[in-house]
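All heavy atoms count here, side chains included; hydrogens, waters and symmetry mates do not. All residue numbers refer to positions in the sequence shown, counting from 1. These numbers come from a predicted model, not from an experiment.
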Amino acid sequence: MLLNYLQEKNVSNGEECVQGRNIANGIRWTGFTKFAYFYGRTMHTFMVDILLLEDDRILSTEIKSFLLSQGFSCDQAFDGIEFLAQTHQKKYGFYLLDINVPKINGLEICKKIRSHDAMTPIMILSAYDDIDDKKEAFLRAADDYLVKPFVLDELLLRINSLLRRQQHNENNSPKTLIIDDLIIYPDEARVLRSNEEINLTQKEFQLLLILAQANGRTLSKQHISEEVWQNQFQTTQNTIEVYINFLRKKIDKNFENKLIHTRPGFGYYLAADK
């Protein structure tokens with residue numbers, strides 16, 4: 001479908017299909033939540049929803065309008081609590097965080113995201129240009145740091161660079177899941193907590209893996225039953241509760257920071273204790 005669109009627009013390799021500008025490394029298709037790059041004969045496409053944390057409403061609107069014009073989807077949050085609420089309602093593929101925002105600052109937001117999600121790119125947007133401020137951001141596992149004021153084209157270049165890097169990592173290496181001090185190696189069915197090997201049964205590992213892959217979202221018992229047991233043997237809610245308790249004894253019992261949580265009436269989720 002994308003190739004047909006480009007052919008209809010007579011876009012050739014090395015030309016941009018918006019605004020009539022030529023660029024050296026490929027083309028950019030905009031107007032949708034998909035963008036594409038051609039390198040030689042290889043095309044990379046991404047579907048990206050961005051969540052922007054910025055309390056300056058004029059600047060936030062300017063950034064959002066620019067990102068929409070470049071084919072991204074972008075939601076806005078103006079304080080830390082509003083930002084976290086939106087992350088619970090929708091899965092995002094990229095985070096842009098100002099530091100100095102009301103209620104919960106951007107650095108703490110970055111830390112909270114990384115407590116359950118090691119993969120989604122995070123870029124800090126800040127007027128603080130001191131090396132110590134940048135150090136604090138990178139210590140919280142931010143991927144990039146852009147100092148205000150900045151040119152919007154540079155913001156775009158950095159976003160695209162992080163997304164290409166993320167896709168390369170996903171395509172060329174096994175996906176290791178990290179939640180706080182818990183490390184899961186899916187291809188090897190191995191689990192470490194504070195560098196200590198945790199021995200799990202097959203079902204325990206499958207249960208832990210789907211909780212980790214949910215990136216902090218709550219999973220219902222029905223969903224767990226379908227994914228882990230495929231509804232075999234008429235899995236009861238009690239069976240799931242028993243296996244959750246098995247996991248807690250192995251994953252949480254000997255550690256101060258608890259990772260497996262219950263959301264009463266809804267199900268279970270995996271995240272660093274807040």
Checking K103 side chain against G80 main chain: does a donor-acceptor pair fall under 3.5 Å? no
If hydrophobic clusters are built by linking Ile, Leu, Val, Met, Phe, Trp and Tyr wherever their side-chain heavy atoms come under 4.5 Å apart, do L107 and F138 end up in the same one? yes
Determine whether a donor-acceptor pair (N or O, by modelled atom type, separation under 3.5 Å) exists between the side chain of E227 and the backbone of Q206. no
Any salt bridge (charged side-chain N to carboxylate O under 4.0 Å, His left out) involving residues 59-71? Give me the pairs, sequence neighbours left out, ordered by first then second residue. none
How would you list, by chain and number, every residue that makes a side-chain hydrogen bond (donor to acceptor under 3.5 Å, both in side chains) with N215, sequence neighbours excluded? none
Walk me through it: do R114 and D143 pass the test salt bridge (Lys or Arg N to Asp or Glu O under 4.0 Å)? CA-CA 11 Å; R114 286 294 182 246; D143 296 290; 2.8 Å; yes
Give a yes or no on whether the backbone of T61 and the side-chain of S65 come within a donor-acceptor separation of less than 3.5 Å. yes
More than 12 heavy atoms of other residues, nucleotides or ligands under 6.0 Å from NZ of K249: is that the case? no
Using a 4.5 Å cut-off on heavy atoms from C-beta on, say whether the side chain of I104 contacts that of D79. no
F246 meets the ring-ring contact (aromatic ring centres under 6.0 Å, His included) criterion, sequence neighbours left out, with Y243
Given the rule that I, L, V, M, F, W and Y join up when any side-chain heavy atoms are under 4.5 Å apart, are I178 and L209 in one cluster? no
Report the residues that fulfil side-chain hydrogen bond (donor to acceptor under 3.5 Å, both in side chains) with T87, sequence neighbours left out, ordered by chain and then residue number. none
Would a distance-only check, ignoring hydrogens and angles, find a side-chain to backbone donor-acceptor pair under 3.5 Å from D55 to P102? no
Within the structure provided, determine whether E241 and K221 are in side-chain contact (heavy-atom separation under 4.5 Å). yes
Distance-only polar pair, side chains of N257 and D181, donor-acceptor under 3.5 Å: no
Is the NZ or CZ atom of R263 positioned over Y269's six-membered ring, under 6.0 angstrom from the centre and within 45° of the axis? no
Among residues at least two apart in sequence or on other chains, which ones pass salt bridge (Lys or Arg N to Asp or Glu O under 4.0 Å) with D56? none
Pairwise side-chain contact, L67 with L52, heavy-atom cut-off 4.5 Å (strictly under): no
Donor-acceptor list for residues 128-136 side chains, cut-off 3.5 Å, not counting sequence neighbours:
residue, atom, partner, partner atom, Å
D130, OD2, D132, N, 2.9
E136, OE1, R140, NH1, 2.7

S69 side chain to F66 main-chain N or O, any donor-acceptor pair under 3.5 Å? yes
Considering only heavy atoms from C-beta outward, does the side chain of T262 approach that of R248 to under 4.5 Å? yes
Going by heavy atoms in the side chains, are V228 and K203 under 4.5 Å from each other? yes
With a 4.5 Å cut-off on side-chain heavy atoms, are I251 and R193 touching? yes
Does one hydrophobic cluster hold both L162 and L155, with members joined at side-chain heavy-atom distances below 4.5 Å? yes
Looking at side-chain heavy atoms only, is the closest gap between Y268 and I240 below 4.5 Å? yes
Quick one: does K148's side chain get under 4.5 Å of E54's, heavy atoms only? yes
Judged by atom type as modelled, is there a donor-acceptor pair below 3.5 Å linking the side chain of K91 to the main-chain atoms of H88? no
